[in-house]
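Step one of this worksheet: look at the structure below.
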Amino acid sequence: DDASIITPLQTLNAASQRTHLDKALARFPTRGAYTNTSIGLKVALEEMQQHIRETPEKAVLLISDGIMDVNPAAGASNEEMLHLLRGTLLPAYRAAHVKIVTLALSPEADRALLEEIAVATQGHFFYVPQAQALSQALYSIFDSLKRPEMIPVIGQRLTIDPSVKEATFFIMIDAAKEDVALVSPGGVKIDKKRNDTAVKWYAGKDYVLVTIRDPLAGEWHVEMAPQRPIQV
């Protein structure tokens, strides 16, 4: 029926901030009888405008598993909300240079509308019919927005150039494996237990995301990770 801010737009620098966000999401009810996509996008744009940052890419990620279905008691119809979306919201997103990346999370989602929203804002549309493919879709979203330089990986090894100021490793793992580590050219092991302000470490259910500021140039090694491409 409505939209609200769970936590303000912010940079997630510390593990405590990520934990706070995880707890806030866990408390948020995910079931409801209606879906008002337009009001969600309206609140999202307002949040972006209030916390605007001068970055090359600004985007809102819209994840939906249904269709536009407004509660009649709200005093607006589906047609009116769609008119608001196409006539006001999408032009406002374009004017603010904010892309909308849309992700259809089930076969029941309105894929045509989600793709229309993405195209109208020069964003990207993704279809994930099964939850197991969500991590790969998020990887693709990360790739499409950040456009990082790809470095070839041989086995579990890759070489970082001296010109690299920040490296982000996205490692797909077996959900049963917990011991994943990066070994620097100097032989220093970096894992989730390491306390280093230059390293940001986040572990999902089937992936690990590690960002290292001013990484040491040379050959890096990934321990305990499957033979998959690593993005830097």
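Throughout, residue positions are numbered sequentially from 1 according to the sequence presented.
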Is it the case that one hydrophobic cluster holds both Val70 and Ile39, taking links as side-chain heavy atoms less than 4.5 Å apart, direct or via other members? no

Any ion pair linking Asp196 and Arg194 (charged N to carboxylate O, less than 4.0 Å)? yes

Under 4.5 Å between any side-chain heavy atoms of Val183 and Glu223, yes or no? yes

With a distance cut-off below 6.0 Å to the six-membered ring centre and an angular limit of 45° from the axis, does Arg111 pair with Phe125 as a cation-pi contact? no

Using a strict 4.0 Å threshold on nitrogen-to-oxygen distance, state whether Arg213 and Glu166 make a salt bridge. no

Same hydrophobic cluster for Trp201 and Phe169, using side-chain heavy-atom links shorter than 4.5 Å among ILVMFWY? yes

Distance, nearest 0.5 Å, that separates OG1 of Thr37 from CG of Leu113: 6.5 Å

So if you build clusters from Ile, Leu, Val, Met, Phe, Trp, Tyr with side-chain heavy-atom gaps below 4.5 Å, do Val210 and Ile160 land together? yes

Between OH of Tyr93 and CG of Leu41, what distance do you get to the nearest 0.5 Å? 4.5 Å

With sequence neighbours left out, what residues match Glu80 under salt bridge (Lys or Arg N to Asp or Glu O under 4.0 Å)? none

Hydrophobic clustering (ILVMFWY, side-chain heavy atoms < 4.5 Å, transitive) - are Met48 and Leu103 grouped together? no

To the closest 0.5 Å, what do you measure between CZ (Arg27) and CG (Leu25)? 9.0 Å

Once rounded to the nearest 0.5 Å, what's the spacing between atom CD of Glu79 and atom CE of Met68? 10.0 Å

